[in-house]
Amino acid sequence: MAEPLTILNIGGHPKDAILYAGGTMAKHAARGDHVCIMTPTTGLSHHLAAIKEYRDSGEMPNMGDLVAERKRELVDAAAELGVSDVRFLGYNDEIMLPREDMISDIADIIGEIRPNVIVTHWPYDTVPAHAVTTQMTLLAIDAASGIRPGKPYAPTGGDTGGEAAQIFYHTHVGRTNVLENLTIRIPTTVIDITDTIHQKATAMNKFTSQHYGEDSPLQRKLSEGMDGTGAATHLRVSYAESFVAHNPEVYEYLPVSEYRRKLSKRSPEEVLRAMTRMEL
Ligand SMILES: [Zn+2]
């Protein structure tokens, strides 16, 4: 096998890195790749349980406790995927704007772990924390490829800067509106996550501050809708996460994946079984 990859998987809010790429991360962790999950924000403005409590009681909750809870949820969820490297930068997401200190923190992580692959939100996602996180990540990649006095230095490895050979953007829409309909995301890269869908489900159910949990149908509904249809159905697998590659990939020869060739050898019955399988 090739040298293990180092993957930096970023979500604007704590749960996003897992919601959009958790199944893929579980596969890479199991293969022996180094996966780091990072979120710049506390995600506190979206602590839905606390918002409801505040609305009902009129009493402001203890913000420190809520931040600790959100961090614990992410650490627990990552552990379900076999990922122990979790970076929770802890910035307020009440009003999300690119900030130099956040960009510098992200650049520090890039300089430290030197990711070969960065996974993050679609740059034009209409959820502000998502798009801003990607803008900051691109700025951080550039910063990390230069000299930063006293800071970890990631040598330039191409036009993405740093050693990030590739950046993958999520393809799922953050909010459905006319802007997003005008910029349709056509996946370049689809990962079959059928064998990690239960791990992803267990991980997502750790986010109880956002109405996930074993007793809640939210995870099942979202995952069947997001991972179980779309790209999965078109490519004849049961569950998939899909991405858009930032750079065209470079090969020595025209590429067809071994996995795709294996899938194409299935019988029509096996294909139908894969397409219609529901695990959740
Ligand atoms: Zn989010």
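Bear in mind that the values here come from a model prediction, so they are computed numbers and not experimental data.
Asn92 places none of its side-chain heavy atoms less than 4.5 Å from the side chain of Leu44. A heavy-atom distance below 4.5 Å is found between the side chains of Val256 and Arg261. Within the 4.5 Å cutoff, the side chain of Asp105 has heavy atoms near those of the Tyr91 side chain. Counting heavy atoms from C-beta outward, Asp227 and Ile197 have side chains that approach closer than 4.5 Å.
Listed for the Ser216 side chain is a donor-acceptor partner under 3.5 Å among the backbone atoms of His211. Counting only distance, with no hydrogens or angles, the side chain of Thr196 and the backbone of Gly23 share a donor-acceptor pair below 3.5 Å. With hydrogens and angles disregarded, a donor-acceptor distance shorter than 3.5 Å links the side chain of Thr39 to the backbone of Gly11. Without hydrogens or angle criteria, Gln166 side chain to Asn116 main chain gives no donor-acceptor distance under 3.5 Å. A donor-acceptor pair is defined here as one N or O able to donate and one able to accept, closer than 3.5 Å; such a pair exists between the side chain of Asp16 and the backbone of His13. At least one donor-acceptor pair under 3.5 Å links the side chain of Thr276 to the backbone N or O of Leu272.
Shown here for Lys200 and Leu19, the closest heavy-atom pair between the two residues is NZ-O, 2.8 Å. Heavy-atom minimum distance, Asn9 versus Ala17: ND2-O, 2.9 Å. When all heavy atoms of Arg87 and Cys36 are compared, the pair lying nearest together is CG-SG, 3.5 Å. Residues Gly12 and Pro40 approach most closely at O-CD, 4.0 Å, considering heavy atoms. The two residues Val237 and Leu263 have their closest heavy-atom pair at CG1-CD1, 3.7 Å. In terms of heavy atoms, Pro98 sits closest to Gln135 at CG-OE1, 3.5 Å.
Residues Val271 and Val190 fall into different hydrophobic clusters, defined by Ile, Leu, Val, Met, Phe, Trp and Tyr side chains chained together at heavy-atom separations under 4.5 Å. Linking ILVMFWY side-chain heavy atoms closer than 4.5 Å, directly or via other members, places Val67 and Val86 in a single hydrophobic cluster. Residues Leu89 and Met96 are members of one and the same hydrophobic cluster, defined by side-chain heavy-atom contacts under 4.5 angstrom among Ile, Leu, Val, Met, Phe, Trp and Tyr.
Rounding to the nearest 0.5 Å gives a distance of 5.5 Å between CD1 of Ile118 and CD1 of Ile167. In this structure, the separation between CG on Asp192 and OH on Tyr239 is 11.5 Å, given to the nearest 0.5 Å. Met25 contributes atom CE, which lies 9.5 Å from atom CG of Asp33 (distance to the nearest 0.5 angstrom). The CG atom of Leu139 sits 9.0 Å away from the CD1 atom of Ile106 when rounded to the nearest 0.5 Å. The structure places OG1 of Thr134 at 10.5 Å from OH of Tyr124, a figure rounded to the nearest 0.5 Å. Note: Arg260 CZ to Arg236 CZ = 10.0 Å, rounded to the nearest 0.5 Å.
Under 4.0 Å is where a charged nitrogen must lie from a carboxylate oxygen, and between Lys27 and Glu241 no such pair does.
Note: His130 and His121 have parallel aromatic rings, judged against thresholds of 30 and 60 degrees for the angle between ring planes.
For Phe88, there are no ring-ring contact (aromatic ring centres under 6.0 Å, His included) partners, not counting sequence neighbours.
Here the rule is salt bridge (Lys or Arg N to Asp or Glu O under 4.0 Å) with Lys206, and of Glu80, Glu73, Glu69 only Glu80 fits it.
Checking Arg148 against Ser104 by side-chain atom types alone, a donor-acceptor pair falls below 3.5 Å.
Residue pairs meeting the side chain to side chain donor-acceptor pair (under 3.5 Å) criterion with at least one member in residues 55-64, sequence neighbours excluded, are Lys52-Asp56.
Residue Met60 qualifies as enclosed at atom CE: its count of foreign heavy atoms under 6.0 Å is above 12. Counting heavy-atom neighbours within 6.0 Å of Glu94 CD, excluding the residue itself, gives a total of 12 or less.
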